[in-house]
**Q** 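Next up is a structure, given as structure tokens.
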Amino acid sequence: MTTQRLTHLQALEAEAIHIMREVASELERPVLLFSGGKDSIVLLRLAEKAFRPGGFPFPMMHVDTGHNFPEVIEYRDRRVAELGERLVVASVQDSIDRGRVVEERGPRASRNQLQTTTLLDAIEANGFDAAIGGARRDEERARAKERIFSFRDDFGQWDPRRQRPELWSLYNGRIRRGEHVRVFPISNWTELDIWQYIHREALEIPSIYFAHEREVFARDGMLYAMSDHVELIDGETPFTTSVRYRTVGDMTCTGAVASTASTLESVVVEIAATTITERGETRADDRVTEAAMEDRKRVGYF
Amino acid sequence: MATSRPDLDLVATFGEDSELLRLVTCGSVDDGKSTLIGRLLYDTKQVLADQLEHVEETSRRRGDGYVNLALLTDGLRAEREQGITIDVAYRSFVTARRRFLLADAPGHVQYTRNMVTGASTADVAVILVDARNGVVEQTRRHTFIAGLLGIPHVVVAINKMDLAEFSAERFAEIAEEACAVARSAGIPDPIAIPMSALRGDNVVDRSGDMDWYEGPTLLEHLEAVEIAADRNVRDGRFPVQWVIRPMSDEHHDYRGYAGQIASGAWRAGDEVVVLPSGRATRVSTVETHDGPLNVAIPPMSVVIRLDDNIDIGRGDMIAHAVGAPTPARQIEATVCWMSERPLAVGARVAVKHTTRSVRAIIDQIVDRVEMATLERIAAPNGLALNEIGHVHLRLSEPIMADPYVDNRVTGAIILIDEATNETIAAGMISSVDPSV
Ligand SMILES: Nc1nc2c(ncn2[C@@H]2O[C@H](COP(=O)(O)OP(=O)(O)O)[C@@H](O)[C@H]2O)c(=O)[nH]1
């Protein structure tokens with residue numbers, strides 16, 4: 001009788017909406033992490049689908065490194081205003097000023113590591129017990145085993161051996177005071193799914209995702225944006241070329257790819273045809289050691 | 001080895017509308033599961049340049065002498081160092097016809113809970129058999145678990161055919177036995193495929209050495225197997241997850257019940273009862289944020305609105321009036337124990353069933369499955385980690401359940417330790433006694 005088929009995007013969407021509603025039901029003070037990047041843009045749309053015409057049962061939070069792309073901050077503020085929801089900004093600069101963390105120095109300095117402290121402090125200060133994030137299992141090998149409800153102890157640490165088995169769509173959101181969970185509603189999505197969904201939903205994304213002319217320099221085989229936050233090393237010379245970004249993070253450690261794809265369709269085709277994984281191509285911080293991601297996760301990274 | 005790169009004409013056909021298939025792979029250590037998964041990823045051109053480079057480098061360092069595709073699926077560092085896989089890992093791949101989500105479950109007996117976890121959501125199980133060894137204890141165990149978790153389709157991957165002289169007789173012999181085992185585990189249409197994961201024979205591409213085999217390759221089968229009909233569209237069950245009541249000026253009287261459809265096909269006008277209260281009413285609309293739907297089927301996440309204003313909250317169920325379940329406080333279930341601390345009669349636990357959480361006492365442990373022989377041993381003392389047994393549970397409040405064989409959503413429970421908050425068991429409900 002009903003042999004109607006769901007598309008993979010419908011199935012993934014249904015799963016993600018279910019997860020959003022579970023977090024909102026089972027945890028007392030969730031927060032949705034919003035970076036202005038494509039994954040968190042998809043999360044926002046899924047939150048609308050889960051809770052409209054009601055309001056979101058949680059605020060959004062941005063961990064602002066102070067080194068973000070201005071285009072992304074502009075997008076963030078506009079989107080928050082459109083939605084009429086509350087945004088908490090947790091600032092890495094504040095953590096530095098308060099002496100919680102020490103700024104790295106030198107040409108390879110990045111604020112990426114510092115975000116962890118800012119995030120954990122903000123979770124504690126606001127009493128959040130669940131942080132909804134946009135991580136995906138296809139991003140990196142260590143993530144393949146990450147749970148959808150990923151449990152963190154008092155210190156925000158992730159212990160691969162203490163994770164709960166996750167069966168069917170029955171998520172266990174029980175925690176003790178002081179602990180929190182990271183929840184990843186789009187765990188099972190791939191980069192291509194994200195782009196297809198952005199296309200299907202006609203979502204607006206920050207302009208840096210499309211090809212544009214930018215002043216960049218080459219380092220370690222990647223292209224980085226020139227900005228006040230970077231120091232050049234001898235021999236590095238800035239030049240202007242057409243690039244786009246595959247992820248948005250800190251300006252200092254997010255690489256651009258040479259591209260002329262200026263429409264969503266052409267970006268999707270490029271992504272589908274790409275030969276290098278997203279993290280390998282654009283995130284300097286992951287290349288430091290083979291097990292980089294795993295180390296960071298143990299101490300509470302996103 | 002050349003970089004495996006999706007070709008552009010394939011990209012052009014990657015629809016946004018392909019179907020999602022969830023599969024679980026299981027096999028004993030060394031049957032070639034990692035190699036098979038690596039092969040599937042590689043031959044469907046999912047392996048990107050930097051990943052392949054990493055695998056080539058690691059293969060060289062280990063002195064493998066060839067590009068060891070099994071390394072594509074390595075996971076956490078501790079596991080890498082010990083050279084074993086001990087947790088379920090999820091991986092995606094896509095072809096022009098389908099989008100696949102693969103749960104890679106290690107098969108050793110100690111990891112029964114991992115296979116149960118990976119199997120809980122699977123449409124298809126791929127069970128590996130080493131052609132030299134044929135059907136072994138582990139094969140029976142994996143098939144038993146696939147049956148227990150209600151996986152509708154099983155593929156027996158008879159691997160390492162290159163070490164069995166690509167023999168048609170050897171294949172036929174193992175296939176017959178393995179499929180018989182599957183049918184007796186309750187799996188209706190098992191199929192067996194001869195392959196060599198190492199050489200890539202009959203995984204994605206056809207083998208040049210087994211002309212006698214006329215069936216599909218593994219990928220051809222995975223792309224074609226019919227899964228839409230596996231959903232239960234007969235029994236209307238909608239566990240209420242979240243109530244949407246904006247109480248804004250614009251939506252002053254709006255009251256919507258949000259949730260994921262467990263089963264049944266839902267339309268405006270459907271006669272329903274709300275459980276456990278038993279109040280009867282009708283569906284006024286089935287909708288999403290994008291607007292009303294003509295019909296909604298599992299596993300869609302929707303909002304249902306009703307003709308009458310009834311007090312309904314999370315954990316209640318809206319069910320089609322005809323054939324609605326009877327709320328029950330006494331259930332029997334087969335459970336897989338997942339905790340270091342064994343289960344004993346009289347234990348108090350929390351139970352999560354759909355969106356409803358209740359408490360329970362284990363009144364009786366009827367039997368335990370001896371995993372080596374699959375025999376049921378009556379009246380065991382308890383259940384230890386990775387053991388499976390049949391239990392009676394008495395609940396603090398009624399739940400609206402169905403037997404798991406009829407409904408993989410409303411027939412499933414997890415048990416939670418109220419002291420530690422850990423998930424300690426998965427349960428498949430076998431019968432519901434509404435009289436108590
Ligand atoms: N000859 C042959 N060897 C295989 C085949 N598949 C896997 N192997 C080898 O069997 C061993 C175990 O394979 P692996 O994939 O690590 O097994 P796992 O423990 O099931 O993940 C490795 O040495 C593989 O190279 C095959 O089809 N033919």
Side-chain angles (χ1 to χ4, degrees), chain A residues 1-15 17-18 21-22 24-25 48-55 137-138 141-142 144-145 160 163-170 172 174-176 187-190 192-193 196-197 199-200 269 272-277 280-281 290-291 294, chain B residues 3 5-6 8 11 14 16-20 48-51 74-78 87-92 94 99 101 113 116-117 120-121 228-229 233 241-242 244-246 250-251 254 258-260 265 288-289 295 297 299-301 314 338 352 355 408-409 412-414 416 421-423 426:
Chain A
M1 139 189 139
T2 314
T3 46
Q4 183 188 340
R5 263 164 237 284
L6 295 195
T7 69
H8 73 283
L9 290 181
Q10 284 177 305
L12 293 170
E13 179 188 64
E15 176 183 76
I17 293 171
H18 172 78
R21 290 171 176 161
E22 281 304 284
S25 306
E48 288 183 87
K49 297 219 178 193
F51 303 111
R52 292 290 187 241
R137 284 171 170 154
D138 77 323
R141 274 189 309 279
K145 302 188 179 194
Q163 297 301 312
R164 299 164 177 172
E166 242 164 27
L167 297 123
W168 299 288
S169 49
L170 293 173
N172 172 0
R174 293 178 187 232
I175 54 165
R176 283 185 243 191
S187 279
N188 289 328
W189 298 43
T190 62
L192 184 58
D193 298 328
Q196 288 180 336
Y197 193 73
H199 182 244
R200 190 191 92 174
V269 168
T274 196
T275 60
I276 301 188
T277 57
E281 185 171 60
E290 193 195 308
E294 205 176 309
Chain B
T3 303
R5 185 178 199 281
L8 268 170
V11 168
F14 276 164
E16 291 178 6
D17 56 357
S18 53
E19 202 174 14
L20 181 69
L48 304 176
D50 54 339
Q51 294 171 324
D74 66 357
L76 299 178
R77 183 193 314 188
D87 206 345
V88 194
Y90 293 87
R91 294 191 174 77
S92 288
V94 60
R99 164 80 165 77
L101 183 60
R113 73 167 187 178
V116 168
T117 302
S120 66
T121 49
V233 288
Q241 195 185 3
W242 177 263
I244 299 179
R245 282 208 69 185
E250 193 188 343
H251 301 282
Y254 186 99
Q260 188 167 22
T288 67
H289 182 53
V295 58
I297 53 169
M300 291 168 74
S301 282
R314 175 174 169 86
M338 301 184 158
K352 188 169 179 188
T355 58
R408 283 176 89 188
V409 180
I413 52 174
I414 56 170
I416 297 167
N421 291 328
E422 278 171 74
T423 301

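Everything numeric in this text was worked out from a predicted model, so none of it was measured. In what follows, chains are A, B, ... by sequence order, proteins preceding strands, each numbered from 1.
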**Q** Given heavy-atom pairs under 4.5 angstrom as the criterion, report whether the side chain, backbone, both or neither of B:Glu19 touches chain A.
**A**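 Both parts, backbone and side chain.
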**Q** For salt bridge (Lys or Arg N to Asp or Glu O under 4.0 Å), just list the numbers for B:Glu422 and A:Arg164, CA-CA rounded to whole Å, side-chain angles, deciding distance to a tenth of an Å, and then say yes or no.
**A** CA-CA 6 Å; B:Glu422 278 171 74; A:Arg164 299 164 177 172; over 6 Å; no
**Q** Within the 4.5 Å heavy-atom criterion, are A:Leu6 and B:Met300 side-chain neighbours or not?
**A**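 Yes; the side chains approach each other to less than 4.5 Å.
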**Q** In terms of heavy-atom proximity below 4.5 Å to chain A, should B:Tyr254 be classed as side chain, backbone, both, or neither?
**A**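 Side chain only.
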**Q** Where does B:Ile414 contact chain A at under 4.5 Å (heavy atoms): side chain, backbone, both or neither?
**A**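 For B:Ile414, backbone and side chain are both near chain A.
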**Q** Let's test your reading of the structure: which of A:Ala24, A:Ser169, A:Ala11, A:Ser187 forms the most heavy-atom pairs below 4.5 Å with chain B?
**A**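 Top option by heavy-atom pairs under 4.5 Å: A:Ala24.
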**Q** Rounded to the nearest 0.5 Å, what's the gap from CG on B:Leu101 to CG on A:Leu12? Could you check?
**A** 7.5 Å
**Q** Is A:Arg176 close to B:Asn421 at the side-chain level, that is, under 4.5 Å between some pair of heavy atoms?
**A** yes
**Q** Is B:Met338 close to chain A through its backbone or its side chain, or both, or neither, when contacts mean heavy atoms under 4.5 Å?
**A** side chain
**Q** Specify which of A:Glu13, A:Glu48, A:Gln10 makes the most heavy-atom pairs with chain B at under 4.5 Å.
**A** A:Glu48
**Q** What part of B:Thr117 lies closer than 4.5 angstrom to a heavy atom of chain A: side chain, backbone, both or neither?
**A** both
**Q** Would you mind checking which part of B:Val409 comes under 4.5 Å of any heavy atom in chain A, side chain (CB onward), backbone (N, CA, C, O), both or neither?
**A** neither
**Q** Measuring from atom NZ of B:Lys352 to atom CH2 of A:Trp168, what distance do you get when rounded to the nearest 0.5 angstrom?
**A**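 It comes to 13.0 Å.
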**Q** Among the options B:Gly259, B:Ser92, B:Ala412, pick out the one with the most heavy-atom pairs lying under 4.5 Å from chain A.
**A** B:Ala412
**Q** Among B:Thr355, B:Leu20, B:Val116, single out the residue with the greatest number of heavy-atom pairs under 4.5 Å to chain A.
**A** B:Leu20
**Q** Just so I understand: if I count every heavy-atom pair under 4.5 Å between each of A:Thr190, A:Asn188, A:Ile175 and chain B, which residue has the most?
**A** A:Asn188
**Q** Drop me the distance from B:Ser120's OG to A:Leu167's CG, to the nearest 0.5 angstrom.
**A**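 One finds 4.5 Å between OG of B:Ser120 and CG of A:Leu167.
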**Q** If only side-chain N and O atoms count, and only distance matters, is there a donor-acceptor pair under 3.5 Å linking B:Gln241 with B:Gln260?
**A** no
**Q** Could you give me the CA-CA distance, side-chain angles and deciding distance for A:Leu9 and A:Arg200, then say whether side chain to side chain contact (heavy atoms under 4.5 Å, CB included) is met?
**A** CA-CA 9 Å; A:Leu9 290 181; A:Arg200 190 191 92 174; 3.9 Å; yes
**Q** So which residue, A:Pro53, A:Gly54, A:Pro165, ends up with the most heavy-atom pairs under 4.5 Å with chain B?
**A** A:Pro53
**Q** Determine whether A:Phe51 and A:Arg21 satisfy the following criterion, side chain to side chain contact (heavy atoms under 4.5 Å, CB included), listing intermediate values before the conclusion.
**A** CA-CA 8 Å; A:Phe51 303 111; A:Arg21 290 171 176 161; 4.0 Å; yes
**Q** Heavy-atom distance under 4.5 Å to chain B: side chain of A:Ala50, backbone, both or neither?
**A** backbone
